[in-house]
Amino acid sequence: MENYNQTSIYFILLGLFPSSRIGMFLFIIIVLIFLIALFGNFSMILLIFLDNNLHTPMYFLLSQFSLMDLTYISTIVPKMAYNFLFDDKSISFIGCGIQSFFFLTLAGAEGLLLAAMAYDRFVAICFPLHYHIRVSKRICVLMILGSWVMGSINSFAHTAYALNIPYCQSRAINHFFCDVPAMLTLACIDTWVYESTVFVSTTIFLLVPFTCIAFSYGRILLVVHHMNSTEGKKKAYSTCSTHLTVITLYSAPFAYTYLRPKFLRTPTEDKVLAMLYTIFTPMLNPIIYSLRNKEVMGALRRVIQRICSVKM
């Protein structure tokens, strides 16, 4: 049995598109989605930075979420596009590890940040008088740092394991990026212990935050139901429904992918689901938060008017 576990070797990413006209058509669609995601998330970050009315904890957290989405999709799509355009499906051993590290870091950090955003809405609606104490700028920074640090630690452990196990025979990863479970199908050893840690990590970074989010929104709905103000109800429902939409788009494909037993998973299904949380969701998030948010649209008008007045 030949062992390929050397830092000088490379993997082959089988990719997402067939080498045909259909593949080129799908590739163009993905590139357009990538450009929309870049523009949307960068615009959201810039808008929150430029408009003083958006300098609140909720939008500070949202700007970090956009930053994560921006980095998230940039970790996956450029390499996939390069491989398709130049018909070069290889990725170095170290490059695969770096891509895997950033993907897992951002995936874990986003789950925790979504929980932080739910906590922000929970305090704002259920304890409005205590909001500036419970969700101060310092607490926001700590929640953001905590998300990045915990995501990085989890990612480092998984990536270090993936880079230090022996690989043999085929080096072809049946995926469009270096997803650790897909890499482990090439391993020479039994990885059932590691697969158990994947379940534990998914529980910590997905199910636990989701449980906290569900609890927060359950309390929020009870409080909103007893509100006397119709306008207040509409605003609360709008904000919460927006957040719940994003959480569903993020959590559902992740949970379905990583919490299923190995024998129920197929490479094709994994790739389709991965497209949802690595490509489509980063594009949809800024659209959902902007088009359904009057404060964001108002800020956009103010910034455009300011730019036009400066030019005149």
Side-chain angles (χ1 to χ4, degrees), residues 4-17 26-27 30-31 33-35 37-38 41 67-111 113 147-167 170-187 191 194-195 197-198 201-202 205-206 250 253-254 257-258 265 267-268 270-283:
Y4 287 98
N5 192 26
Q6 307 292 332
T7 57
S8 60
I9 66 107
Y10 56 87
F11 290 107
I12 302 295
L13 292 171
L14 296 184
L16 189 60
F17 317 110
L26 293 173
F27 168 76
I30 295 298
V31 169
I33 290 172
F34 173 67
L35 294 175
L38 288 185
N41 285 291
L67 176 62
M68 288 182 182
D69 271 347
L70 192 65
T71 311
Y72 198 24
I73 196 169
S74 299
T75 300
I76 306 296
V77 175
K79 178 59 179 173
M80 180 177 66
Y82 176 87
N83 287 0
F84 180 81
L85 285 175
F86 294 95
D87 198 23
D88 177 12
K89 296 184 177 182
S90 65
I91 183 169
S92 69
F93 189 81
I94 298 300
C96 198
I98 291 171
Q99 188 182 60
S100 175
F101 174 78
F102 278 104
F103 164 71
L104 290 172
T105 296
L106 292 160
E110 278 202 359
L113 188 64
S147 299
W148 280 102
V149 170
M150 291 182 67
S152 298
I153 292 171
N154 174 68
S155 175
F156 180 80
H158 286 285
T159 305
Y161 177 85
L163 294 182
N164 284 283
I165 60 174
Y167 291 97
S170 172
R171 290 169 289 162
I173 301 173
N174 196 357
H175 218 302
F176 58 90
F177 69 98
C178 290
D179 190 25
V180 172
M183 293 169 64
L184 295 184
T185 60
L186 312 179
T191 58
Y194 172 77
E195 288 161 18
T197 67
V198 171
S201 290
T202 306
F205 286 90
L206 185 67
Y250 170 81
F254 254 119
T257 299
Y258 291 98
R265 298 174 59 177
T268 301
D270 283 353
K271 285 193 281 188
V272 171
L273 289 168
M275 282 179 60
L276 295 177
Y277 54 76
T278 60
I279 299 173
F280 285 100
T281 302
M283 176 199 69

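Model, not experiment: these values are computed from the prediction. Both backbone and side-chain heavy atoms feed into the values below; hydrogens, waters and symmetry mates do not.
How far CZ of Phe205 is from CG of Asn154: 4.0 Å, rounded to the nearest 0.5 Å. Once rounded to the nearest 0.5 Å, the distance linking CE of Met183 with CZ of Phe11 reads 4.5 Å. With values rounded to the nearest 0.5 angstrom, Asp179 atom CG is found 11.5 Å from Asn174 atom CG. From His175, atom NE2 reaches atom OG1 of Thr268 across 10.0 Å, with rounding to the nearest 0.5 Å. Separation of atoms OG1 (Thr278) and CG (Leu106) is listed at 11.5 Å; rounding is to 0.5 Å. Note: Tyr167 OH to Ile173 CD1 = 7.0 Å, rounded to the nearest 0.5 Å.
For Phe17, the CZ atom sits in a packed shell: over 12 heavy atoms of surrounding residues, nucleotides or ligands are nearer than 6.0 Å.
The side-chain heavy atoms of Phe84 and Leu16, taken from C-beta on, include no pair separated by under 4.5 Å. In this structure the side chain of Ile165 never reaches within 4.5 angstrom of the side chain of Tyr194, judged on heavy atoms. Between Tyr258 and Pro181 the shortest side-chain heavy-atom distance falls below 4.5 Å. The closest side-chain heavy-atom distance from Tyr250 to Leu206 is below 4.5 Å.
Considering all non-hydrogen atoms of both residues, Tyr277 and Pro253 come closest at CD2-CB, 3.7 Å. The heavy-atom pair separating His158 from Thr197 by the smallest distance is CE1-OG1, 3.9 Å. Closest non-hydrogen pair, Leu38 versus Ser74, comes out as CD2-OG, 3.6 Å. The two residues Ala172 and Leu186 have their closest heavy-atom pair at O-CD2, 3.5 Å. Contact detail for Ala109 and Ser147: the closest heavy-atom pair is CB-O, 3.4 Å. Residue Leu70 comes nearest to Ile73 through the heavy atom pair O-CG2, 3.6 Å, listed as atom of the first residue, atom of the second, then distance.
Pairs passing the salt bridge (Lys or Arg N to Asp or Glu O under 4.0 Å) check and including a residue from residues 270-279, sequence neighbours excluded, read Arg260-Asp270, Arg265-Asp270.
Under the 30°/60° scheme for interplanar angles, the aromatic rings of Phe103 and Phe254 are found to lie parallel.
Listed by chain and number, the residues in a side chain to side chain donor-acceptor pair (under 3.5 Å) with Lys79 are Asn83 (sequence neighbours excluded). Here Thr105 pairs with Ser155 under the side chain to side chain donor-acceptor pair (under 3.5 Å) rule; sequence neighbours left out.
Under the 3.5 Å distance criterion, the side-chain polar atoms of Thr75 are left unmatched by any main-chain donor or acceptor of Gln99. Using modelled atom types, one side-chain atom of Thr185 and one backbone atom of Ala182 make a donor-acceptor pair closer than 3.5 Å.
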Take Val180 and Tyr161, measure what side chain to side chain contact (heavy atoms under 4.5 Å, CB included) needs, and give me the verdict at the end.
-> CA-CA 9 Å; Val180 172; Tyr161 177 85; 5.6 Å; no

With side chain to side chain contact (heavy atoms under 4.5 Å, CB included) as the test, would you mind laying out the steps for Trp148 and Met68 before giving the verdict?
-> CA-CA 10 Å; Trp148 280 102; Met68 288 182 182; 3.5 Å; yes

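Only one option out of Leu13, Val31, Ile30 pairs with Met80 in a side-chain contact (heavy atoms from CB on, under 4.5 Å); it is Ile30.
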